[in-house]
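Please read these numbers as outputs of a predicted model, since none were measured by experiment. So that the names make sense, note that chain A is the first sequence line, chain B the second, and so on, each numbered from 1. Atom set for the values below is all heavy atoms of this structure, side chains included, hydrogens, waters and symmetry mates excluded.
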2 protein chains.
Amino acid sequence: MPEELSQIVCPIQRAATLVADVTVIVILRELQHGPRRFSHFVDVGLNPRTLSKRLQCLVSEGVLSRTAYAESPPRVDYALTDKGRALTPVLRALQEFGEEWMPAGPEDLAAFQAQTQKASTIPT
Amino acid sequence: MPEELSQIVCPIQRAATLVADVTVIVILRELQHGPRRFSHFVDVGLNPRTLSKRLQCLVSEGVLSRTAYAESPPRVDYALTDKGRALTPVLRALQEFGEEWMPAGPEDLAAFQAQTQKASTIPT
DNA sequence: CAGCATCCACTTTGATACTG
DNA sequence: CAGTATCAAAGTGGATGCTG
């Protein structure tokens, strides 16, 4: 995902770019189940460096909310905002198109699921 | 857009990656009005090199059809296939999300339109 | 007209290590 | 725990020029 996302002016283009990133998709998928912590995403296989960037981007885009608790060890929760939830129809459209027109054998899906440690469907 | 698109197994990810490219979006938008030629896209501002790659990718993905006529000078038409038309809901979802949640001043839109020489909405 | 080959520079990423 | 710093490696994109 380009660093200059904020400079993309076309709404379609910008939204598409935002969503067309493995890391972002995994993040959104995980958050569908509720708030998650930084370490959770790391456990799921995301690179801390990229994860950090995406999280910052998503927060600054208003798609995610970041809540830090004054504890030790530190704890930070990430959750979907209304805007983040508004992204669901997009993901669903993407998924429906993908499932109907993008042939992917069961093995492939299994590989992907193993890779991300999660199911490939986005719950309602 | 990554060259190894065919290696992306997750349907969502793959469809998203396909669509998350300025060049691809412009191509799809232009084709909404009917078949277009290579030069048309060039006229619209697309780089021949990138355009060529995207066109090949879209054709091999089955999103576009390529028709070459035995003429001189050569003539080639590109058009949406059923699969290509099936992408419309995705673009629309993207657009709706973008328009509602991605603030873009009128100036920005104007800039974009000037840049692509076209309206930024996708006709039905 | 359609489109490939080349050059080149910039952007982005994974791995790894370190800190408040 | 939640990040950030560094570094080398690789992928991409634009400009240009050429050909069937």
Side-chain angles (χ1 to χ4, degrees), chain A residues 1-8 10 13-14 16-27 30-31 35-61 64-79 115-117, chain B residues 1-8 13-14 16-27 30-31 35-60 64-79 115-117:
Chain A
M1 193 188 72
E3 206 109 292
E4 340 76 38
L5 179 67
S6 56
Q7 292 172 25
I8 300 176
C10 170
Q13 172 64 14
R14 182 137 163 226
T17 301
L18 185 68
V19 155
D21 181 274
V22 226
T23 304
V24 170
I25 288 184
V26 171
I27 291 174
E30 294 301 311
L31 291 180
R36 295 289 135 122
R37 310 172 57 167
F38 191 93
S39 58
H40 172 78
F41 298 116
V42 174
D43 293 340
V44 157
L46 301 183
N47 184 300
R49 181 176 164 284
T50 306
L51 172 61
S52 178
K53 286 189 177 180
R54 295 297 180 278
L55 251 17
Q56 283 179 25
C57 174
L58 291 169
V59 168
S60 73
E61 283 288 338
L64 265 48
S65 64
R66 195 195 108 119
T67 311
Y69 298 88
E71 301 178 2
S72 187
R75 177 184 157 198
V76 179
D77 276 0
Y78 289 92
Q115 174 191 319
T116 60
Q117 309 285 323
Chain B
M1 193 190 68
E3 206 109 292
E4 339 77 37
L5 179 67
S6 57
Q7 292 171 28
I8 300 176
Q13 172 63 16
R14 182 135 161 229
T17 301
L18 185 67
V19 155
D21 181 273
V22 226
T23 304
V24 170
I25 287 184
V26 172
I27 291 174
E30 294 301 310
L31 292 179
R36 295 290 134 122
R37 310 172 57 167
F38 191 93
S39 57
H40 172 77
F41 299 115
V42 173
D43 292 340
V44 158
L46 301 183
N47 183 299
R49 180 176 166 281
T50 306
L51 172 61
S52 177
K53 285 186 180 182
R54 295 295 179 277
L55 250 17
Q56 282 179 24
C57 175
L58 291 170
V59 168
S60 73
L64 264 49
S65 65
R66 195 194 108 117
T67 311
Y69 298 87
E71 300 177 3
S72 188
R75 178 186 155 198
V76 179
D77 275 1
Y78 289 92
Q115 174 190 320
T116 60
Q117 310 288 322

Filtered N/O pairs between nucleotides 8-12 of chain D and protein, under 3.5 Å:
unit_1, atom_1, unit_2, atom_2, d
D:dT12, OP1, B:Pro2, N, 3.4
D:dT12, OP1, B:Glu3, N, 2.9
D:dT12, OP1, B:Glu4, OE2, 3.1
D:dT12, OP2, B:Glu3, N, 3.3

Can you give each donor-acceptor pair under 3.5 Å made by side-chain atoms of residues 71-78 of chain A, sequence neighbours left out, with the distance rounded to 0.1 Å?
unit_1, atom_1, unit_2, atom_2, d
A:Arg75, NH2, A:Asp77, OD2, 3.1

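- Taking only side-chain nitrogens and oxygens, A:Ser52 comes nearer than 4.0 Å to OP1 or OP2 of D:dT4.
- Between the P atom of D:dG3 and the CG atom of A:Leu46 lies a distance of 13 Å, rounded to the nearest Å.
- Each of A:Asn47 and B:Arg37 has a nearest nucleotide on DNA chain C; the 5'-most of these lies closest to B:Arg37.
- The CZ atom of A:Phe41 sits 13 Å away from the C1' atom of D:dA2 (whole-angstrom rounding).
- Contact check, A:Tyr78 against D:dG3: a side-chain N or O comes under 4.0 Å of OP1 or OP2.
- The shortest distance between the side-chain N/O atoms of B:Thr50 and the OP1/OP2 oxygens of D:dG13 is not below 4.0 Å.
- Residue B:Ser39 places at least one side-chain N or O closer than 4.0 Å to OP1 or OP2 of C:dA2.
- Distance CG (B:Leu51) to P (C:dA5): 16 Å, rounded to an integer number of Å.
- Here the nucleotide nearest the side chain of A:Asp21, chosen from D:dA2, C:dT13, C:dC4, is C:dT13.
- Not one side-chain nitrogen or oxygen of A:Gln56 sits closer than 4.0 Å to the OP1 or OP2 atom of D:dG3.
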